[in-house]
Amino acid sequence: MTTLDAKIPAGPIAEKWDNHKFSAKLVNPANKRKFEVIVVGSGLAGASAGATLGELGYRVTMLTFHDSPRRAHSIAAQGGINAAKNYRNDGDSVHRLFYDTVKGGDYRAREANVYRLAQVSVNIIDQCVAQGVPFAREYGGLLDNRSFGGAQVSRTFYARGQTGQQLLLGAYQALARQVHLGNVKLHNRTEMLDLVVKDGVACGVVARDLITGEVRSFSGHAVVLATGGYGNAFYLSTNAKASNVTAAWRAHRRGALMANPCYTQIHPTCIPASDDFQSKLTLMSESLRNDGRIWVPRDAGDARSPDQIPESDRDYYLERRYPAFGNLVPRDVASRAAKREVDEGRGVGPLKNGVYLDFGAAIARLGRSVIEQRYGNLFQMYERIAGEDPYTVPMRIYPAVHYTMGGLWVDYNLMSNVPGLYVLGEANFSDHGANRLGASALMQGLADGYFVLPATIGDFLAPLLGTEPVPTDDPAFREAEAAVGEQVRRLLSSTGSHPVDHFHRELGKILWDNCGMTRTAESLDRALTDIPALRDEFWSDVRVLGENESFNQSLEKAGRVADFLEFGELLVRDARHREESCGGHFRVEHQTEEGEALRNDDDFAYVAAWEWTGDSARPTLHEEPLAFENVALAQRSYK
Amino acid sequence: MDLNLKVWRQAGPDAPGRFETYAMRGVSEDMSFLELFDVLNEQLEGRGEEPVAFDHDCREGICGSCAMMIGGRAHGPETGTATCQLHLRKLVDGDTIAVEPWRAAGFPIIKDLAVDRAAFDRIVEAGGYITAPTGSARDANEILVPKEAADAAMDAAACIGCGACVAACPNGAAQLFTAAKYSHLSLLPQGQPERYTRVVALVEETERWFGSCTNHGECEKACPKEISIDFIALLNRDYVKAQLKNRALTGQKR
């Protein structure tokens, strides 16, 4: 085990970022065009990074497995984006956003990164407005705000229920402009399948053209991964179907450390599953908790329809248990509370697998048209899926896997332990600790891409002036290409009896049952036996049809599931090693008398970063100790 | 419920295509149309046949990946709904339904139901943006945007780029897509400086790839986000204006 150096600049926290930017080496404008940067992934982080690096003058190669950058899953974020603008005059500040994020993350995030995130949050809103993001407005033309879980101020900017879509379109359009100007070369339907490392430095990637099957190398002075999270390890999640861990996992196998993979976020407001064919779960934005009240019948087994249950027989359990934050407690707290109600038999709906989210009071107070304006498209989406009208019948919701706080380890510069490899957005681990606050994912993705990476990458590139990228006929590239080709061949020559989805569903079930909202040493040990067994079964019994040389979605899926089967084991191993509860990681053995997460700051106030050793059962643990100099460690309380 | 699917199968861009009929028996009406295809594909794989290729991703109606002509209509019979959000309860038990890829010269077929929509990216690259390099922005609240303008811009910006408008158009025109992008940007104060260069760039790039608009109005009916055809009127009006404005702005004589 080694202790990791996060390269946090010295000095008072409010000055670290400015000082760091000043001390970083610069690349002069004319020299920027001599550097090739490869950006993988075109969501908020990737598109904003690609656009900004292009504007600065770097030569950017952009890879996305989607048919267009605009399809990346950031597009589906609904509720909003936080910024410490204090336009509401309600006591918000950079320091408060910083404090809320560290506290919301249950004191497992790196203070310096979070402070910087809060600082640049204000620039993000300026940037997005300048690009034409149609944020909601007041009648006077000023920007509107709403509040979100885990905060007592209104600092969330939004564009109806499609904030992620509008922010991504903004970044995508900025990227498109750079493509048009020739600064960014865009390769769509191209999936990164390996990272190339030469002499310990990242020098490129190997990717497969999803239409022709051609395996191709891309070489650059630096590689930027912005490839999203790994929530789909659980099969059923709110992630898009194609979201996967492959790029990050391949980098991990080439030496990049994977940090805190057990920090997974279960989102409290999703539509409960209706049957076995369900292919994914749909999120209903957390912003609904602003006006919706969550309740269950007071008595288990109460089968009356909701309109027949009088107030006296309802339990608004969040308002009762957490009077200060009420329905706006952070996600992990809200999710576990819902699980408790359902586990104790007070669940609602045909499968008794949900709780009510009721807008009756809000509609009576504000009128239907106001609610329609705020949440119209969400209500419509719910009606389509559930077949019930939420204006008259309370919504049914239940938690589902949504976001992953863990990811590849990065230092303050967002560079991984592999020099030249940067990791942005959900793919890295850095800013949310053990639990992310609502409306902070969009903020982090855009902070990383628009403002952080463009300011830090020069420090790495400047000394490389005059060097050429490693040629793609170098043995390091040849070896990686051969490995990718070999995996494709192995998958296509499989003659088993089960399709890929079968194994994915099984893996999801193992993870959800044993390493989901609550975890025990026993359940985790069970998963550590079951996952390797399932992985062996996959390689002996999977069936992948078709050929490499054409559009083959089964083959794409097979490669991704193969990586989830390796990654899932590390996720569980990390959860097993962390003998405490914090944020999204809840070990039943470690809870307060009131059933809240109980941290162990003496032994676990560190980032757990795992190194691939070639043996999935024996990864090496590296620790980055977390120092809390500006926020006092405390038991989180939302009462 | 039972459904008979007549699905367009085509091995590659230049391969001949054909309809294959698949009988789906006893499927749940709570299933989405794409989940029906998941079930079909699992059955096909079980029989050793290649699954049907189709684009899909978020399955929440926002990413714009899914794209099927269902019973001759882009995204099927329910208005304002993308294929992924169409549930079988909206279809008729026992029906035979033809499922085809988007039919448009601007969207070449890749395989089965998957088509290449890269032309939409080319249109946005040509002018579907407001020039605002990172870091150059002033405080967000210094730009006042009347609520009505923001709302109208958002109505247009809701476009998911799925291509249903093109698929539904007898001319294979993409005017609704382009008009939505144009209107989003040009209804906002931030979009004014480039307004008339934008409209020319967008219209001319659109015409390179797609047919011409002759006001059939099918696009509005097919749009899963119900984007109004009025935006096409704005696009056309500004395109005409631009012919004069751009000359004046660059100091040329009229």
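All chains are named by letter (A, B, ...) in the order of the sequence lines, taking the proteins before the strands, and each is independently numbered beginning at 1. Please read all numbers here as calculations on a predicted model, not as lab measurements.
Both tests pass for B:Lys147 against the ring of A:Tyr139: distance under 6.0 Å to the centre and angle within 45° of the axis.
If you measure heavy-atom distances from A:Ser554 to chain B, the contacts under 4.5 Å come from the side chain alone. Of the two parts of A:Gln78, only the side chain, counted from C-beta on, holds a non-hydrogen atom closer than 4.5 Å to a non-hydrogen atom of chain B. Interface remark: B:Asp38 contributes side-chain atoms only to the contact with chain A (heavy atom separation under 4.5 Å). A:Ala386 touches chain B through its backbone: at least one of N, CA, C or O sits under 4.5 Å from a heavy atom, while the side chain does not. Looking at A:Gln127, both its backbone and its side chain come within 4.5 Å of chain B, counting heavy atoms on both sides. For chain B, the nearby parts of A:Leu143 are the backbone and the side chain; heavy atoms of each come within less than 4.5 Å. No part of B:Asn41 comes within reach of chain A, as not one of its non-hydrogen atoms sits under 4.5 angstrom from that chain.
Electrostatic pairing of B:Glu42 and A:Arg505 counts as a salt bridge here, judged by a charged N lying under 4.0 Å from a carboxylate O. Comment: A:Asp67 engages B:Arg117 in a salt bridge, judged by a side-chain N to carboxylate O separation of less than 4.0 angstrom. The pair A:Arg189-B:Asp116 does not meet the salt-bridge criterion, since no charged nitrogen lies less than 4.0 angstrom from a carboxylate oxygen.
Among A:Lys280, A:His73, A:Arg384, the one residue that satisfies the side-chain hydrogen bond (donor to acceptor under 3.5 Å, both in side chains) test with B:Glu60 is A:Lys280.
Donor-acceptor pairing under 3.5 Å is lacking for the side chains of A:Ser274 and B:Asp30.
Contact count against chain A (heavy-atom pairs under 4.5 Å) is highest for B:Gly161 among B:Ala118, B:Pro146, B:Gly161.
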